[in-house]
Amino acid sequence: MNDRAVVAAAWQLIDSAGVHGSPVILEAPEDTGLRELIAEVGRRAGRPRNLAMGGFTDPSLTEHTGLPLVEPFSDGLSEMRGWAHGAHWIGCGRVAGAGRERTVVVIARREDPAVGGFPDGVSWAEKLRILTGWVPAPRPAVDWPAVEAGLGTSLPGDYKEIVDLFGGGGFDEYVDLLVPGAPGMDLVDWAKSDGDVTVLWKPYAGYPAPGGLLRWGSSEQELDFVWRTGPGDPDHWPVMVGEFGDWQRFDCGLGEFLVRMLTDVQYGFPTSRLRVHSFRAYDLGSVGG
């Protein structure tokens, strides 16, 4: 069995019955190089993260960032690269034991971080509140009919719920929420002024062009956080994140996107590697979870 056959066996297991109990460890042939094995898995799973290098295991690992891949090895683990892939973790590593070093592929069950640990039936906005430990403070209510009239469109319901719950501010000091009436961060003002920069959004146009992009967030990371608008229900607008015209599309609402941005390493944002999340209000300080 060569490296491709070992990886193919791992994918077959994931795609069929999956892993529901203890992690499954597949041993590669003795002459299999770790680099080749990582490249083979990466053809489908993308870029890995380093869980163990040079005999040192990342001490910050949790069940949400890859710990299930290293737990089967009490000692002797020298290298481990890991990927979050749907409902599973998959890892490639080198482990010493019984007088020899083995190259292995590990498959472990992965709990959806955007589902586990929350009460049943809560909204995505409420999940954000639980994640950040935010305590809502009294604030003037947003006049949503007036805002939507000014924009010429209805807005997604989860966005309005998040604004009503949090007000203006930022999540994990990574993305700031645009809020109607917030000085310098007014959603309507930004929608009007973005016409000067949407040339950088190609191949997309800015709102109110058909299918145009409407910004809902701002970031010091030089990222554009937008919805792709459409003629249908705004609750179905996808979230898009762009960097100099390179766009990622997330087919979910804003609330689910923010929860997964904070918790799901599969989304690839650095916030997903934090143990504690926070919301910092523009004028109320920060409350951490």
Interatomic distance, [X] atom [atom1] to [Y] atom [atom2] [nearest 0.5 angstrom]:
{"X": "Trp201", "Y": "Met240", "atom1": "CH2", "atom2": "CE", "result": "10.5 Å"}
{"X": "Leu262", "Y": "Thr132", "atom1": "CG", "atom2": "OG1", "result": "8.0 Å"}
{"X": "Glu30", "Y": "Arg100", "atom1": "CD", "atom2": "CZ", "result": "6.0 Å"}
{"X": "Cys252", "Y": "Arg260", "atom1": "SG", "atom2": "CZ", "result": "7.5 Å"}
{"X": "Leu213", "Y": "Asp224", "atom1": "CG", "atom2": "CG", "result": "8.5 Å"}
{"X": "Asn50", "Y": "Thr57", "atom1": "CG", "atom2": "OG1", "result": "11.5 Å"}

Under 3.5 Å, side chain of [X] to main-chain N/O of [Y], donor-acceptor pair present?
{"X": "Trp124", "Y": "Leu258", "result": "no"}
{"X": "Ser78", "Y": "Arg94", "result": "yes"}
{"X": "Asp58", "Y": "Ala52", "result": "no"}
{"X": "Trp83", "Y": "Gly46", "result": "yes"}
{"X": "His64", "Y": "Thr263", "result": "no"}
{"X": "His85", "Y": "Ile90", "result": "no"}
{"X": "Glu148", "Y": "Leu155", "result": "yes"}

Do NZ/NE/NH1/NH2 and the carboxylate oxygens of Arg81 and Glu79 come within less than 4.0 Å?
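The answer is yes: the pair qualifies as a salt bridge.
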Do the side chains of Asp15 and Arg44 get close enough for a salt bridge, i.e. N-O under 4.0 angstrom?
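Yes, charged N to carboxylate O under 4.0 Å.
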Tell me if the CZ atom of Arg47 is crowded by more than 12 foreign heavy atoms within 6.0 Å.
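For Arg47, atom CZ is not crowded (no more than 12 foreign heavy atoms under 6.0 Å).
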Count the heavy atoms belonging to other residues, nucleotides or ligands that lie under 6.0 Å from CG of Asp251, then report whether that count exceeds 12.
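Enclosed: over 12 neighbouring heavy atoms sit under 6.0 Å from CG of Asp251.
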Would you check, one step at a time, whether the test side-chain contact (heavy atoms from CB on, under 4.5 Å) holds for Asp176 with Phe225?
CA-CA 9 Å; Asp176 293 325; Phe225 291 90; over 6 Å; no
Quick one, [X] and [Y] - any side-chain contact, counting heavy atoms below 4.5 Å?
{"X": "Trp237", "Y": "Leu254", "answer": "no"}
{"X": "Val6", "Y": "Pro29", "answer": "yes"}
{"X": "Trp144", "Y": "Pro180", "answer": "yes"}
{"X": "Pro119", "Y": "Ile130", "answer": "yes"}
{"X": "Phe279", "Y": "Leu128", "answer": "no"}
{"X": "Phe269", "Y": "Phe257", "answer": "yes"}
{"X": "Met261", "Y": "Asp172", "answer": "no"}
{"X": "Val175", "Y": "Leu223", "answer": "no"}

hydrophobic_cluster_shared for [Y] and [X], side chain cutoff 4.5 Å:
{"X": "Tyr174", "Y": "Val239", "value": "yes"}
{"X": "Val265", "Y": "Leu274", "value": "no"}
{"X": "Ile25", "Y": "Leu37", "value": "no"}
{"X": "Leu187", "Y": "Val179", "value": "yes"}
{"X": "Met80", "Y": "Val24", "value": "no"}

Do the rings of Trp227 and Trp216 sit parallel, tilted or perpendicular, given the 30° and 60° boundaries?
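Tilted: the ring planes of Trp227 and Trp216 meet at 30° to 60°.
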Pair Val241, Phe250 - check side-chain contact (heavy atoms from CB on, under 4.5 Å), show working.
CA-CA 8 Å; Val241 180; Phe250 300 89; 3.8 Å; yes
Evaluate the criterion side-chain contact (heavy atoms from CB on, under 4.5 Å) for residue pair Leu131 and Phe171; output intermediate values, then yes/no.
CA-CA 10 Å; Leu131 274 173; Phe171 294 94; over 6 Å; no
Closest non-hydrogen atom pair, [X] against [Y]:
{"X": "Val259", "Y": "Lys127", "result": "CG2-CB, 3.9 Å"}
{"X": "Ile38", "Y": "Cys92", "result": "CG1-CB, 4.0 Å"}
{"X": "Leu178", "Y": "Ser218", "result": "CD2-CB, 4.3 Å"}
{"X": "Ala209", "Y": "Thr229", "result": "O-OG1, 4.3 Å"}
{"X": "Ser16", "Y": "Gln12", "result": "OG-O, 2.6 Å"}
{"X": "Arg275", "Y": "Leu61", "result": "NH2-O, 3.8 Å"}

Between Thr65 and Ser272, does a side-chain contact (heavy atoms from CB on, under 4.5 Å) hold up when you go through it step by step?
CA-CA 8 Å; Thr65 57; Ser272 65; over 6 Å; no
